[in-house]
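Structure, as structure tokens:
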Amino acid sequence: MTIMGLDFSQVNLDEIVTATIDTLKMLGFSALFTFIIGLPIGIILYLSAKSSSWLVKAFYRIISIVVNILRSVPFVILLVAIIPFTRLIVGTSLGVLGTIPPLVISAAPFFARLVETTLREVDRGVIEAAQAMGASLPQIISKVLLREAFPGLLASMTMTAVALVSYTAMSGMVGGGGLGSLAINYGYYRYESEVMILAVIIMVILVQLLQMAGDKLVLHFTRK
Amino acid sequence: MIQLKQLTKSYGKGRKVTTALSDLNLSIQKGEIFGVIGHSGAGKSTLIRCINLLERPTSGEVWVNGVELTGLSKKQLQEQRRKIGMIFQHFNLLSSATVYDNVAFPLRLTKTSKEQIDRKVNELLSLVGLEEHKDKYPAQLSGGQKQRVGIARALASDPDVLLCDEATSALDPQTTNSILKLLLDINKKFNITIVLITHEMHVIQSICDRVAVIHEGGIVEQGPVTEVFLKPQHYVTREFILRDEANNEALQIAIEAPHLDSSRAAKITFVGEMTYESILSQTSKDTGVNFAILQGTISTIKDVPYGQLIVRFEGDKKAIDQTIKVLTGQGLDVEVIE
């Protein structure tokens, strides 16, 4: 099978399937932990930003700076820099398991910022109405903020997941496994473009599917 | 029912302090509809938001139903707020929740059983006439319908007080009237105290029992609506009532016109049932004084009929004095215009 001078008959399909599954695993777990960690940080950022107490404001500044630093460090560098930390948490810095901590550490601050921005879009008046009805802070967060911002949060999750797909590919550089590793090992080191092209095509499809599913969900839950 | 004592609210600090309310005192009785009228920036919005502490006053006391709110803990305040309903100019409904869920919202904040919630919400939706719309989302409703949802939601926790923050300002005149009528019905049915703020005299005139005029952070005039409306003392109050400046000029010309020795212009005010009686023509027949009506209004304030006429009496000087005396004796308010 030859297309445009490329011979796809030599491609090992098993390898591609394994790599795809690895990528999905990395994506799934890192997205899950990113959302679990990023959501509360986003909520804290939102709540502390408009506080009148200087203590809370200082706290906001500190978190905000940490979030900004983590966001500005290039992923590849972060990946290498935190290898000792990664080993400490998951016991290895290689393979699917070894990529999850750096992925989460780099995506969670990004997601937290998106959450903060999304929550800011919630109408102040609605929050005020809930306050006037005697709602407590936890009730306002769960029954007003998260509920009203839900479509926006879904959109933020989609954006984060899409960003994670390209991050998982980068982790291939340092032995992370998955489609990214496959593309680099074959395409970059061995000049076998066929595998690289297939790996890229699969990732493009993956991103398209994620975006489509995300958009559908956002539309489904939007009431405005 | 509600007492505000020496309420002061200022924003900012240092040199940039702006004072929204200064040393304001107000007392509102149980079961009445109390209106606060003022221009934008007069402090009326701050005033109503101080009653449930959405804005915390800089100093002063807020008493609602015998409880001083500013001294309460967070938890106690939340408890008290459940007894104070509030509706807003922009309705402030949850856009992600159906009409039903919006009305159920305050009930779900406390441990209320499903059956109880269902019963209460359906009862309220039929009260405000929205039973068929209960599965719709706010975006599918008109402004008037949204405010009805707001009212139902505010009533869900059986409050003693309903605060209306410019509740009709975003609505067209017809819808405004239907919402006002609903508020009046609710006031009569549940004997709930209603405090409303507005910049429209029409709103005050339609449903309020008493009114306070707020200007530059203080109350400049207050009393029963009939009194404040018919005999405004402060110039701000007059501004709200006499919108038609051109008309007043025309009136001035009419009053001054004839230059007869024996004519006299007067403003006559009737309040109550006497509005519809023939007191004026009866008296003029008896004293032999003729009169011309220069300007006049016959209308109602809430459900009290009133009339205010500016007339010019013509005839014998003594007879005119006699006429005025008789009219005053009948309980009319006669103010001679010099």
Side-chain angles (χ1 to χ4, degrees), chain A residues 39 42-43 46-48 50-58 114-115 117-158 214-224, chain B residues 11-13 45 48-49 51-56 72-99 101-110 136-141 149-150 153-157 159 161-163 165-166 170:
Chain A
L39 186 68
I43 294 170
Y46 167 80
L47 292 175
S48 53
K50 57 190 179 101
S51 172
S52 51
S53 139
W54 69 268
L55 202 75
V56 180
K57 266 187 186 156
L114 289 178
V115 170
T117 319
T118 309
L119 294 181
R120 279 207 194 137
E121 301 272 299
V122 175
D123 184 3
R124 266 300 296 135
V126 182
I127 298 165
E128 217 158 56
Q131 278 176 330
M133 285 184 270
S136 64
L137 186 62
Q139 285 173 328
I140 288 174
I141 293 172
S142 64
K143 289 172 192 272
V144 182
L145 276 175
L146 294 183
R147 182 175 189 167
E148 287 286 284
F150 190 59
L153 291 175
L154 283 175
S156 304
M157 286 179 176
T158 311
D215 289 348
K216 267 243 161 74
L217 279 173
V218 171
L219 201 67
H220 180 74
F221 286 103
T222 300
R223 304 287 179 221
K224 276 190 180 167
Chain B
Y11 298 96
K13 48 187 163 185
S45 199
I48 201 161
R49 291 157 58 84
I51 297 176
N52 60 4
L53 293 199
L54 277 182
E55 304 254 11
R56 207 163 255 283
L72 295 180
S73 72
K74 243 183 205 173
K75 210 154 195 176
Q76 289 169 316
L77 178 61
Q78 281 161 14
E79 207 118 305
Q80 288 304 316
R81 276 176 171 168
R82 298 202 173 110
K83 299 266 114 200
I84 308 172
M86 190 170 196
I87 56 174
F88 305 85
Q89 179 175 5
H90 299 296
F91 325 120
N92 295 353
L93 303 175
L94 285 148
S95 62
S96 57
T98 60
V99 167
D101 288 336
N102 262 294
V103 178
F105 185 88
L107 298 169
R108 288 182 180 143
L109 295 176
T110 54
K136 285 191 180 167
Y137 288 90
Q140 297 165 284
L141 301 177
V149 178
R153 179 176 71 173
L155 294 177
S157 51
V161 180
L162 180 62
L163 306 175
D165 187 355
E166 297 268 10

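By convention in this document, chain letters (A, B, ...) are assigned in the order of the sequence lines, proteins followed by strands, and residues within each chain are numbered from 1. What you see is a predicted model; the values in this text were computed from it and never measured.
Proximity to chain B (any heavy atom under 4.5 Å) is shown, for A:Glu148, by both the backbone and the side chain. Looking at B:Ile84, only its backbone comes within 4.5 Å of chain A, counting heavy atoms on both sides. Residue B:Arg49 touches chain A through its side chain alone, counting heavy-atom pairs closer than 4.5 Å. Residue A:Ala149: no heavy atom, backbone or side chain, is found under 4.5 Å from chain B. Neither the backbone nor the side chain of B:Ser157 comes within contact range of chain A; no heavy atoms are under 4.5 Å apart. Using a 4.5 Å cut-off between heavy atoms, B:Ala97 touches chain A through backbone and side chain atoms alike.
Side-chain atoms of B:Arg82 come within 3.5 Å of backbone N or O of A:Gly134 as a donor-acceptor pair.
Using a 3.5 Å distance cut-off with no hydrogens or angles, the side chains of A:Thr118 and A:Glu121 do not pair a donor with an acceptor.
The structure places CZ of A:Arg124 at 10.0 Å from CG of B:Asn92, a figure rounded to the nearest 0.5 Å. Taken from CD in B:Gln89 to OG in B:Ser45, the straight-line distance is 8.5 Å, to the nearest 0.5 Å.
By number of non-hydrogen pairs under 4.5 angstrom with chain A, the leading residue of B:Leu93, B:Asn52, B:Leu77 is B:Leu93.
No side-chain heavy atom of B:Val149 sits under 4.5 Å from any side-chain heavy atom of B:Phe91.
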Under the criterion salt bridge (charged side-chain N to carboxylate O under 4.0 Å, His left out), I'd like the reasoning laid out for B:Arg153 against B:Asp101: C-alpha separation, chi angles, the key distance, then a yes or no. CA-CA 9 Å; B:Arg153 179 176 71 173; B:Asp101 288 336; over 6 Å; no
